[in-house]
Amino acid sequence: MRYADLHCDFLSYLAEFRFGNLTFTDLPSAARSAVIDSALNKWKSGGCKIQCFALFCKGESEADRESIQTQRALYQKIKPAFEALTGGKAVLTVEGGATIGATRGELTKLSSLFDSGVKIFSPVWNNQNSLSAPCGAAGGLTKKGKEAIAYALERGAIPDISHASDGAARDIFALAAERKKAVCATHSMVRALCPHVRNLTDTQIKKIAESGGVAGVNFVRDFAGKYPVEKHVEYLVNLGGEDMAAIGSDFYGTERPYPENPEKMPEFFRALEKKFTPRQLEKFAFSNAARLLL
């Protein structure tokens with residue numbers, strides 16, 4: 001079955017992970033190619049037809065900015081390789097936009113970001129930054145954060161609440177509603193099933209559905225809690241409707257994901273066949289995300 005994935009951290013994995021004593025860029029050329037080719041082949045064999053690659057912005061330091069530039073350069077190499085091998089589409093997204101200078105006062109940087117094809121924009125990761133409070137914290141978007149989300153919406157990007165505080169999520173919903181635009185959560189689960197701050201409340205699930213957006217279920221075991229991932233998918237479909245549930249794996253951004261890697265996705269879909277109709281499963285696997293991204 002073909003599928004679309006709203007979130008993976010492959011770019012930051014390559015930019016920041018150490019392969020023994022070496023960084024990825026310090027590896028010999030043949031070794032770098034082998035790492036990328038192995039990942040690409042897993043996406044192909046698993047049936048991935050749309051893969052969102054996140055620019056991961058941890059903070060706002062010079063080192064963070066250098067990491068983003070490395071990730072952007074990596075994406076320019078990976079995108080054509082992914083599309084040629086899978087016959088699908090690579091999509092660029094942002095996870096934590098403050099590093100990139102995402103304010104109207106820095107329109108040259110921000111315009112360049114969206115000119116490069118960014119389709120989904122998250123203002124924050126797990127740390128407070130100049131744009132937003134993170135998940136589990138008090139507060140919402142800052143003035144700069146509201147400007148950044150407004151500009152992202154103007155450029156046709158979809159705001160992402162996955163790492164936002166509940167207050168920031170409310171601000172994002174309000175800004176999107178004023179413009180009649182969709183909101184997404186690229187990689188979250190259900191808070192009613194597991195009370196983790198990274199998971200979505202029932203109200204957030206309903207608001208995403210009302211906006212015409214999607215919620216991508218991720219494969220992080222700590223967010224799933226005592227319930228299997230399949231149960232979180234079922235909850236989303238039952239509460240938000242069959243048009244809003246999607247996949248946001250978080251591959252390369254978490255240890256011990258379930259499923260383990262893109263190659264294992266067919267097994268995951270077979271487990272879901274017992275709970276959903278073929279139409280519902282196809283929407284969850286591909287069409288819901290494709291509707292927003294293509």
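The 12-atom threshold is not exceeded at CZ of Arg170, counting heavy atoms of other residues, nucleotides or ligands nearer than 6.0 Å. Atom CD of Glu255 sits in a sparse spot, with 12 or fewer heavy atoms from other residues, nucleotides or ligands closer than 6.0 Å.
Asn199 places no side-chain N or O within donor-acceptor distance of the main-chain N or O of Pro195, the cut-off being under 3.5 Å. Proximity of a side-chain donor or acceptor of Ser249 to a complementary backbone N or O of His7 within less than 3.5 Å is detected. A donor-acceptor pair under 3.5 Å links the side-chain atoms of Ser162 to the main chain of Thr186, judged by distance alone.
Rounded to the nearest 0.5 angstrom, Arg191 CZ and Thr203 OG1 are separated by 10.0 Å. Atom-to-atom distance recorded for Thr86:OG1 and Asn41:CG is 11.0 Å, nearest 0.5 angstrom. With rounding to the nearest 0.5 Å, the separation of OG1 in Thr25 from CG in Leu74 is 8.5 Å.
Phe219 and Phe268 have their aromatic ring centers within a separation under 6.0 angstrom.
Counted by atom type alone, Asn288 and Glu242 present zero donor-acceptor pairs between their side chains at under 3.5 Å. In summary, the side chains of Thr70 and Glu66 do not present any donor paired with an acceptor at a separation below 3.5 Å, with no hydrogens or angles considered. A side-chain donor-acceptor contact under 3.5 Å links Ser38 and Lys42. Side-chain contact check for Ser61 and Asp64: at least one donor-acceptor pair (N or O, by modelled atom type) lies under 3.5 Å. Side-chain contact of Ser287 with Glu282: a donor-acceptor pair under 3.5 Å is present, judged by distance alone.
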**OP:** Carefully, step by step, assess Arg270 and Glu273 under the rule salt bridge (charged side-chain N to carboxylate O under 4.0 Å, His left out).
**Re:** CA-CA 5 Å; Arg270 282 194 289 273; Glu273 287 175 356; over 6 Å; no
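With salt bridges taken as basic N to acidic carboxylate O contacts below 4.0 Å, none links Lys144 and Glu147. Here Arg65 pairs with Glu62 in a salt bridge; the nearest charged N to carboxylate O distance falls below 4.0 Å.
Evaluated for a side-chain contact (heavy atoms from CB on, under 4.5 Å) with Val190, the options Gln204, His196, His232 yield exactly one hit, His232.
In this structure the side chain of Pro134 never reaches within 4.5 angstrom of the side chain of Trp125, judged on heavy atoms. Residues Glu230 and Tyr258 form a side-chain contact, since some pair of their non-hydrogen atoms from C-beta on lies under 4.5 Å apart.
Taking the six-membered ring where the residue is Trp, Trp43 and Phe10 present perpendicular rings, their angle passing 60° and hence far from 30°.
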